[in-house]
Every structure is written in structure tokens, then in C-alpha cells.
Amino acid sequence: MGIIERIKEIEAEMARTQKNKATEYHLGQLKAKIAKLRTQLLEPPKGASGGGEGFEVTKYGHGRVALIGFPSVGKSTLLTMLTGTHSEAASYEFTTLTCIPGVIHYNDTKIQLLDLPGIIEGASEGKGRGRQVIAVAKSSDLVLMVLDASKSEGHRQILTKELEAVGLRLNKKPPQIYFKKKKTGGISFNTTAPLTHIDEKLCYQILHEYKIHNAEVLFRENATVDDFIDVIEGNRKYIKCVYVYNKIDVVGIDDVDRLARQPNSILNLDRLLARMWDEMGLVRVYSKPQGQQPDFDEPFVLSSDRGGCTVEDFCNHVHRTLVKDMKYALVWGTSARHNPQNCGLSQHLEDEDVVQVVKKKERDEGGRGRFKSHSNAPARIADREKKAPLKQ
């Protein structure tokens with residue numbers, strides 16, 4: 001029996017099992033088995049060379065956005081309108097057969113937009129080259145899920161299920177669970193919050209399913225069984241997603257109002273770029289040389305997903321040795337309490353801040369400043385060189 005057949009068999013068993021207190025431990029073990037099998041499904045077959053054709057393109061710009069959706073929902077048209085890059089669009093499905101990149105110039109930044117082939121139900125199992133499409137989405141900073149307004153609910157659920165099957169978690173934060181394997185000592189289970197979805201016995205059973213008998217587990221929030229399995233797997237990608245609805249002219253005003261009120265939804269092109277900018281969390285920081293005006297032409301673009309947004313991250317963007325040479329930094333902008341503010345490396349920067357880095361002064365080998373700070377003479381008086389006696 002193959003991996004896909006075993007997954008379907010376990011899913012059928014979970015569907016038959018009633019959910020109550022008596023079966024929650026059995027269902028937890030079945031969820032762990034499915035997670036292990038799906039991880040094996042994503043691994044390349046043994047003995048296979050890595051020379052297959054893929055969709056991966058070189059990263060460019062300050063961020064990457066992937067367009068994901070069913071065939072013929074308007075992804076290629078959206079890429080052409082936002083970037084000016086020509087992507088073939090036709091009335092038949094699967095017009096786009098490979099990854100087509102484009103660049104969006106917005107707020108003095110460059111954002112790479114990828115038009116991916118349409119995926120279908122079963123893409124996580126390899127249907128329609130779905131694995132290659134989802135692999136590119138994993139390397140993105142933001143996912144734009146393009147949906148047909150007339151079929152939005154069904155398509156949205158299918159796409160979310162396919163993406164979660166391969167380890168993508170949309171609009172979720174990593175669970176506050178500390179997990180560390182140990183060589184000896186057994187399993188240490190602790191919690192700082194009341195748990196309603198999982199207990200110590202179920203935690204032990206899931207760890208035994210993974211053949212883990214020595215580990216340290218600490219729950220800092222009321223997490224679920226699926227959250228705990230994600231932490232054990234350790235290969236989940238938590239990514240933001242914006243749902244873009246196309247063809248809204250074919251539905252009624254009531255449906256448009258309902259779609260507009262759903263979270264993370266966009267119905268018009270005017271607000272799409274601004275929403276992308278907010279979700280990606282890009283921060284523009286302008287440098288100011290000492291005694292000169294700030295350089296507002298080319299900002300340094302920081303992001304919490306790509307390193308961080310502190311003064312230390314800004315110094316690393318300028319030059320990797322600047323952190324060692326920095327004495328302090330002067331910051332102008334919304335992150336400063338007063339302009340300018342004398343800051344250290346841990347200062348968090350916000351959009352359109354101006355930073356001036358003040359370096360340490362070079363010290364001479366003999367001392368500091370104009371006067372020596374220490375003597376070269378021996379510490380003990382007996383070891384010092386005696387002066388010659390005065391002539392009579």
C-alpha cells in the first residue's frame with residue numbers, strides 16, 4: 001500500500017470515529033500518523049537525482065509575493081496590470097505552464113511578483129505539478145490567493161486544505177510551545193496556561209508515535225493537538241495570505257458585501273498594493289552621513305521576516321563590520337521619542353526613519369586622546385630600571 005492510500009485510509013477512519021472524551025487519544029495518534037506520512041510524501045524518492053524541472057526563480061528585490069489560485073481565475077491578468085510583464089492569458093485553463101516573474105515598483109521598493117500555474121484539488125499529492133507550485137509559495141513572503149467570486153467558498157477551502165497538507169499555515173502565528181529532544185531523562189511536561197485541547201497523557205502518546213522518549217515540553221498557551229504536532233515536525237512555514245476576489249461583477253450586491261466583510265479580503269485593485277505593503281511589513285530606513293543631508297533616493301529596506309527592523313539589522317545592511325565600529329546612532333522619525341534620539345543596537349526602527357551612525361574614535365597604541373592612560377614601566381619598584389648615579 002502506497003503513502004497516499006495509507007493517508008486516505010487513516011482519514012476515512014478519522015471520519016468514522018466519533019469525537020468525545022473516550023476517543024480523543026485515538027484521534028490524536030491518527031493525526032500524528034497522517035503528519036508523519038505527509039512529511040514522507042514531500043521527501044524526494046530514494047536514489048532519485050535532483051535534475052527535475054522546477055519553477056524556482058532567483059529572488060529579486062525586497063520581497064516576494066506568490067499568486068496562487070485555480071486555473072483561469074485571472075492571475076496572469078493581475079500580474080500584467082501590476083508589473084507590466086506580459087503573461088499569456090486565454091479563455092482555456094492551464095494557459096500558464098511555468099513560473100513567470102514580474103517586479104512591482106512601490107514606495108521606492110522592488111517587490112517580486114510570481115505568476116504560478118493554477119493548482120487543482122490533490123495538488124499536495126503531486127497532481128498537476130502542484131508540488132512545484134507549492135514549493136515556490138513556501139519561499140515567498142506573502143501569498144495572494146486569487147479566487148473567483150462566484151465559487152469563492154469552495155475554492156478557498158480546497159486551496160487552504162492543499163496548502164496546509166504540505167506544511168503551509170496561512171495567517172497563523174507559531175504556537176507558543178517549547179520542545180527540545182534530550183538524550184536521557186524521560187519526558188518532562190509543563191504548562192503555564194490551562195489546557196483544554198490536550199493533556200499530558202495525549203502528549204506522551206503523540207511523542208511515542210514519533211518514537212521520542214526523552215524530551216522537554218512546555219506549553220505557554222492553550223494549544224491544540226495539531227499545533228503540538230506542527231512543533232514536533234519543525235518544518236511548518238507560517239505565512240500571511242490575502243484573498244483577492246476577481247469577477248465580482250457576476251455576483252449580486254449582497255454577496256459582494258459579504259465578501260468585503262471577510263478578514264484579509266480585497267475586492268478592488270486600488271487598495272491591493274497598499275494592503276500588500278502593510279502585510280509584508282516592509283520598513284524604509286534612510287541613511288544620513290555625518291555633516292550631510294539624508295539620502296532619500298535609495299532607502300535601506302528592512303523586514304521582520306527577513307532579519308529584523310533594529311539598528312543592528314540596519315548596520316548589517318550597510319556593512320557587516322559597522323556593528324563593531326558603532327558607538328551610538330542618532331534616529332529621526334516616528335520611532336524616536338525626540339528628534340534626534342541617541343540609540344543603541346536594539347532600537348526598533350519604523351517606516352521612513354532617518355539613521356546616522358556615529359563610529360568609535362580610533363585609539364592610539366600608547367594611550368587615549370592626548371595623554372597616556374597607563375605607564376609602560378614595570379609594576380614592581382624592584383623591577384624598574386635604576387638610574388645612573390649623578391656625577392660628582
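Numbering starts at 1 and runs along the sequence shown.
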Trainee: Can you sort out the partners of Asp255 under salt bridge (Lys or Arg N to Asp or Glu O under 4.0 Å), two or more places apart, ordered by chain and number?
Mentor: Arg258
Trainee: Side chains of Asp115 and Ser76 only: does a donor on one sit below 3.5 Å from an acceptor on the other?
Mentor: yes
Trainee: List in chain and number order the residues that pass side chain to side chain contact (heavy atoms under 4.5 Å, CB included) with Asn222, two or more places apart in sequence or in another chain; answer none if no residue qualifies.
Mentor: Leu195, Thr196, His197
Trainee: Taking only residues two or more places apart in sequence or in another chain, which ones pass salt bridge (Lys or Arg N to Asp or Glu O under 4.0 Å) with Arg337?
Mentor: none
Trainee: Please determine, by modelled atom types, if Asn107 and Thr109 share a side-chain donor-acceptor pair under 3.5 angstrom.
Mentor: no
Trainee: Could you list the residues that satisfy salt bridge (Lys or Arg N to Asp or Glu O under 4.0 Å) with Arg271, not counting sequence neighbours?
Mentor: none
Trainee: Give me the ring orientation class for Phe219 and Phe189: parallel if the planes are under 30° apart, tilted from 30 to 60°, perpendicular past 60°.
Mentor: tilted
Trainee: Indicate whether any N or O donor in one side chain lies under 3.5 Å from an N or O acceptor in the other, for Ser188 and Glu216.
Mentor: no
Trainee: Does any pair with a residue in residues 280-290 pass salt bridge (charged side-chain N to carboxylate O under 4.0 Å, His left out), and if so which ones, sequence neighbours excluded?
Mentor: Arg284-Asp351, Arg284-Glu352
Trainee: Applying ring-ring contact (aromatic ring centres under 6.0 Å, His included), can you list everything that pairs with Tyr243, at least two apart in sequence or on another chain?
Mentor: none
Trainee: Assess the side chains of Tyr204 and Glu200: does a donor N or O sit below 3.5 Å from an acceptor N or O?
Mentor: yes
Trainee: Going by ring-ring contact (aromatic ring centres under 6.0 Å, His included), name the residues that satisfy it together with Tyr60, two or more places apart in sequence or in a different chain.
Mentor: none
Trainee: Okay, side chain of Thr77, backbone of Gly74: is any donor-acceptor separation there less than 3.5 Å?
Mentor: no
Trainee: Side-chain polar contacts of residues 302-309 - donor-acceptor pairs under 3.5 angstrom, sequence neighbours left out - could you list them?
Mentor:
{"from": "Ser303", "atom 1": "OG", "to": "Asp305", "atom 2": "N", "distance (Å)": "3.3"}
{"from": "Arg306", "atom 1": "NE", "to": "Asp141", "atom 2": "OD2", "distance (Å)": "3.2"}
{"from": "Arg306", "atom 1": "NH2", "to": "Asp141", "atom 2": "OD2", "distance (Å)": "3.0"}

Trainee: What donor-acceptor contacts under 3.5 angstrom involve side-chain atoms of residues 318-328, with partners at least two apart or in another chain?
Mentor:
{"from": "His319", "atom 1": "ND1", "to": "Thr321", "atom 2": "N", "distance (Å)": "3.2"}
{"from": "His319", "atom 1": "ND1", "to": "Thr321", "atom 2": "OG1", "distance (Å)": "2.8"}

Trainee: ring-ring contact (aromatic ring centres under 6.0 Å, His included) with Phe300: which residues, sequence neighbours excluded?
Mentor: Phe314
Trainee: Show me the side-chain donor-acceptor pairs of residues 171-178 shorter than 3.5 Å, one per line, residues at least two apart or across chains.
Mentor:
{"from": "Asn171", "atom 1": "OD1", "to": "Cys241", "atom 2": "N", "distance (Å)": "2.8"}
{"from": "Asn171", "atom 1": "ND2", "to": "Cys241", "atom 2": "O", "distance (Å)": "3.2"}

Trainee: Say whether Tyr210 and Glu233, considering side chains only, have a donor N or O and an acceptor N or O under 3.5 Å apart.
Mentor: yes
Trainee: The criterion is ring-ring contact (aromatic ring centres under 6.0 Å, His included); which residues satisfy it with His208, sequence neighbours excluded?
Mentor: His213
